[in-house]
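The structure appears right after this line, and notes come after that.
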Amino acid sequence: MNLTTKTVSNVEDLKHLVADYERFDAFAFDIETHANRKVRSMDALVTLPKGTSRTASARCPSCLRELPARRRVWCSDECRDAAKKDKPALDIMTNRVWSISLAGPGRCDVIPCGHPDPRFQLHRADVFAALEPLFFSDRRKINQNVGFDLLSIAQHYDGTIPPPPYADTMMLVFLLNENLWEYNLGKLSARYLGYVYSEKLGQEAYNADFEKAIRYSIIDAKMAWMLWWKLSPRIKRLGGLFDLEMDVLGVLMQMRRTGAYVDIEEFRRLWPELKRQRDKAEATAKALIGDDWPDDYEINLRSTQKLARYFYDVKGLRCPRLTDKGSRSVDAASLAVLAKRSPVAQAILEYREILKLLSTYIAGYIPHVDSDSRIRASFNQARAKTGRLSCSDPNLQNIPARHKETFEATMVRRLFVAPPGMVLIVADYSQIELRILAHQTRDPKLLSAYRTGLDLHTQTASLIWRTALDKVTSEQRSIAKNCNFNFAFEGGPQRVMEMSGIPKGEAQAVYDAWHRAYPGVKKWAKRVKRFCWDNGYVETLYGRKRRLPEIKSADWAERGYAERQAVNHPIQGTAADIAKIAIVQVHTALCDFTAHLTLQVHDEFVIEVAEDEVGEVLPLVQRAMEDIKLGSRPVLDVPLEVNINVGTDWAACK
DNA sequence: ATGGGTAGCGCG
DNA sequence: AAAGCGCGCTACCCAT
């Protein structure tokens with residue numbers, strides 16, 4: 001297919017172009033942007049000490065953060081990359097559009113509107129005004145990673161995101177084949193259209209000369225259109241999943257524009273405080289090491305290699321475990337063993353805890369906080385092969401939640417607060433994966449536990465040790481809980497032994513007892529593996545496929561891995577499907593209120609809501625999450641249960 | 001300087 | 001290579 005390409009450079013042509021595209025019921029588009037970091041940067045939040053000029057002080061030019069001692073130009077690789085690409089964290093709130101491309105049946109057009117070239121170009125504002133009837137219509141808007149472009153466009157329409165229907169070519173391809181290594185447009189074009197082109201210019205198109213920049217900026221719209229033209233007929237194979245994903249996309253765009261509100265003052269206060277604690281922990285460890293450290297290499301508590309040499313060569317301790325690649329492990333589990341003989345190991349453990357908190361969650365998050373005290377992370381739809389969302393820049397799905405012995409690790413969660421006049425709602429599914437397991441396996445005792453509202457972990461304990469339900473100790477329940485989460489997904493006795501600290505023989509007995517109690521689980525796992533071997537894939541209740549060709553591998557290790565993935569996918573993937581349906585329903589339920597979804601952590605939703613509306617919103621959210629249908633019937637044969645809490649910060653909603 | 005691999009670790 | 005699965009980020013280390 002050859003598309004006629006035109007460059008629009010006057011108002012008259014633009015009018016005609018819009019009139020032409022109004023005849024189509026779908027069109028592809030792509031925008032080119034360059035960064036305008038000033039607006040987003042921490043500038044507004046950083047108060048420089050009096051008398052220090054910005055150029056004179058050692059600050060990262062990207063985020064204006066004070067430079068760590070060892071860094072010379074940028075504070076982190078991220079900032080270095082950001083500066084180089086001129087695309088700092090692909091910021092949807094401040095990017096400047098310099099070119100808009102459109103593509104439809106038989107044609108594609110490019111509208112330059114802000115490339116630095118001196119020749120005449122239309123004004124951005126005029127272009128967006130002219131295009132409004134296209135973007136704000138029921139025409140399908142097609143693009144690769146369409147959410148990013150729609151969000152960048154929203155700036156020019158008072159923050160209003162263009163309405164559905166949408167079509168994301170990346171998402172479509174991901175549903176059709178989740179095993180490709182990369183999903184950028186260059187790879188997809190080569191694979192599905194046989195069209196190979198260089199994407200190299202992408203980063204510097206803005207700075208390239210005009211003709212080159214224009215030629216480049218039309219490619220993406222053109223390729224997206226052709227991919228859609230080629231692949232959209234396959235949507236009907238996907239059983240509604242593509243439509244679901246596009247609904248989810250609408251929610252994710254809203255979430256990203258809203259962002260998660262944080263207490264930036266507390267972040268900035270905690271930063272030096274944790275640095276002091278880290279330095280103290282480091283000094284403690286180094287004091288314990290004393291003269292034991294050989295002279296021939298520098299001491300570095302963060303170096304796994306050097307720690308291994310210290311513990312296993314210098315101190316001659318026995319190495320508890322090797323890493324995947326065969327080096328001597330010094331991970332937390334190993335250090336816990338070493339700690340019985342060496343106080344240094346304990347000191348390293350404590351140092352690591354504080355360092356993790358500091359570097360990942362405090363220092364790591366601060367550059368991501370926008371000037372309105374919100375973090376706008378990216379929730380990604382086309383990453384996790386089970387269909388889960390993932391989160392990046394920064395990842396807000398792995399913030400510490402569990403209590404540590406040494407100190408309060410939930411402190412970061414406490415910094416995610418309700419904005420003034422609002423409160424947070426945190427709603428999470430109770431044991432959703434085990435409920436799906438019950439449904440899938442049809443195991444009688446799993447089903448009955450959930451149907452009668454019995455505590456599953458307690459029931460498991462009573463079945464394993466043959467005791468009455470009311471005689472189960474909290475320790476037994478805790479071990480039983482570990483069993484439920486491990487054995488359900490092909491876990492062996494080894495792991496539970498480690499986690500619960502029970503001897504090997506007993507762990508084996510527990511393993512056997514568990515599978516005697518729930519015989520449906522092993523039988524089901526066997527069926528799933530067999531299905532996967534016969535068909536080359538497994539799928540969720542909603543038909544989300546996971547292709548696993550390695551299931552037939554002759555290599556037992558590789559095959560074993562595929563088998564565990566096969567058993568896991570129908571569980572984790574169905575939970576992901578349910579969460580995606582739920583997030584759309586919750587979002588719909590919230591639209592009449594001053595309320596926004598801000599975070600999703602797999603089975604947990606965080607919502608901010610006006611104080612005076614919380615009473616009304618709570619039951620709606622709960623219903624939206626519990627009432628999940630497959631066709632016209634409830635998706636599971638056991639009830640879905642949602643815990644829901646209200647508070648002023650995330651940690652308080654427990 | 002920059003990029004890739006490895007180890008480790010946070011979450012569900 | 002690998003005996004729960006699924007992610008993303010930080011730091012180190014070594015090669016270019």
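Numbers restart at 1 for each chain; the letters A, B, ... are given by sequence-line order, proteins then strands.
Results of the salt bridge (Lys or Arg N to Asp or Glu O under 4.0 Å) test with A/Glu178 over A/Arg388, A/Lys385, A/Arg547 single out A/Arg547 as the only residue that passes. When A/Arg564, A/Lys529, A/Lys522 are each tested for a salt bridge (Lys or Arg N to Asp or Glu O under 4.0 Å) with A/Glu490, only one passes: A/Lys529.
For the pair A/Tyr561 and C/dG6, the criterion of a side-chain N or O lying under 4.0 Å from OP1 or OP2 is met. The phosphate of C/dC12 (OP1 or OP2) has a side-chain N or O of A/Arg302 nearer than 4.0 angstrom. For A/Ser329, a side-chain nitrogen or oxygen approaches OP1 or OP2 of B/dG8 to under 4.0 Å. Taking 4.0 angstrom as the limit, A/Ser327 places a side-chain polar atom (N or O) nearer than this to OP1 or OP2 of B/dA7. Note on A/Thr323: a side-chain N or O is less than 4.0 Å away from OP1 or OP2 of B/dA7. A close approach under 4.0 Å does occur between a side-chain nitrogen or oxygen of A/Arg564 and OP1 or OP2 of C/dC5. The phosphate of C/dC12 has OP1 or OP2 within less than 4.0 Å of a side-chain N or O from A/Asn300. Under 4.0 angstrom from either OP1 or OP2 of C/dC12 there lies no side-chain N or O belonging to A/Gln305. Contact annotation: A/Lys356 side-chain N/O to C/dC9 OP1/OP2 distance is not under 4.0 Å. Between A/Arg546 and the phosphate of C/dG6, there is a side-chain N or O to OP1/OP2 separation shorter than 4.0 Å. Under 4.0 angstrom from either OP1 or OP2 of B/dG8 there lies no side-chain N or O belonging to A/Arg352.
Taking the ring axis of A/Tyr537 as reference, the NZ or CZ atom of A/Lys545 stays within 45° of it and closer than 6.0 Å to the ring centre. Taking the ring centre of A/Trp533 as origin, the terminal cationic atom of A/Lys552 falls inside the region bounded by 6.0 Å and 45° from the ring axis.
Between A/Phe489 and A/Ser303, the one whose closest nucleotide on DNA chain C sits nearer the 5' end is A/Phe489. Take the nearest nucleotide of DNA chain C for A/Gln572 and for A/Ser390: the residue whose nucleotide is more 5' is A/Gln572.
If you check every strand for non-hydrogen atoms under 4.0 Å, A/Arg495 touches a base. Contacts of A/Ala576 with the nucleic acid, taken as non-hydrogen atoms under 4.0 Å apart, are absent. Among the heavy atoms of the strands lying under 4.0 Å from A/Val330 are primed sugar atoms or P, OP1, OP2 only; no base atom is included.
Atom CG of A/Asn486 and atom C1' of C/dG6 are 15 Å apart (whole Å). We find that CG of A/Leu301 is positioned 15 Å from C1' of B/dG8, with the value rounded to whole Å. One interatomic measurement links the two molecules: CZ of A/Arg309 to C1' of C/dC13, which rounds to 13 Å at whole-angstrom precision. Remark: P of C/dG8 and CG of A/Asp393 are 10 Å apart, rounded to the nearest angstrom. One atom, CZ of A/Phe416, and another, P of B/dC11, lie 14 Å apart when rounded to the nearest Å. Nucleotide B/dG12 holds its P atom 18 Å from the CD1 atom of A/Ile578, rounded to whole Å. Protein atom CG of A/Asp331 is 11 Å distant from nucleotide atom P of B/dG10, rounded to whole Å. Between the CD atom of A/Gln397 and the C1' atom of B/dC9 there is a distance of 16 Å, given to the nearest Å.
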*asked:* Just to be sure I follow the notation: if a pair is Watson-Crick (purine N1 to pyrimidine N3 plus N6-O4 or O6-N4) or a G-U wobble (N1-O2 and O6-N3), each under 3.5 Å, what dot-bracket string does DNA chain C give, with | for pairs to another strand?
replied: ....||||||||||||
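Side-chain atoms of A/Asn395 and base atoms of C/dG8 include no donor and acceptor less than 3.5 Å apart. With hydrogens and angles ignored, no donor-acceptor pair closer than 3.5 Å exists between the side chain of A/Arg383 and the base of C/dG6.
Relative ring orientation between A/Phe487 and A/Tyr511 is described as perpendicular, the plane-to-plane angle rising above 60° on a 0-90° scale split at 30° and 60°.
For the pair A/Arg256 and A/Asp393, the salt-bridge criterion is not met [side-chain N within less than 4.0 Å of a carboxylate O]. Checked for salt-bridge contact, A/Lys286 and A/Glu282 meet the test: a charged N lies under 4.0 Å from a carboxylate O. A salt bridge links A/Asp455 to A/Arg477: at least one charged side-chain nitrogen sits closer than 4.0 Å to a carboxylate oxygen.
Of the listed nucleotides (B/dG12, C/dG6, C/dA11), C/dA11 has the atom at the smallest distance from the side chain of A/Ser359.
Taking every heavy atom of both residues into account, A/Trp514 and A/Cys483 meet most closely at CD1-CB, 3.8 Å.
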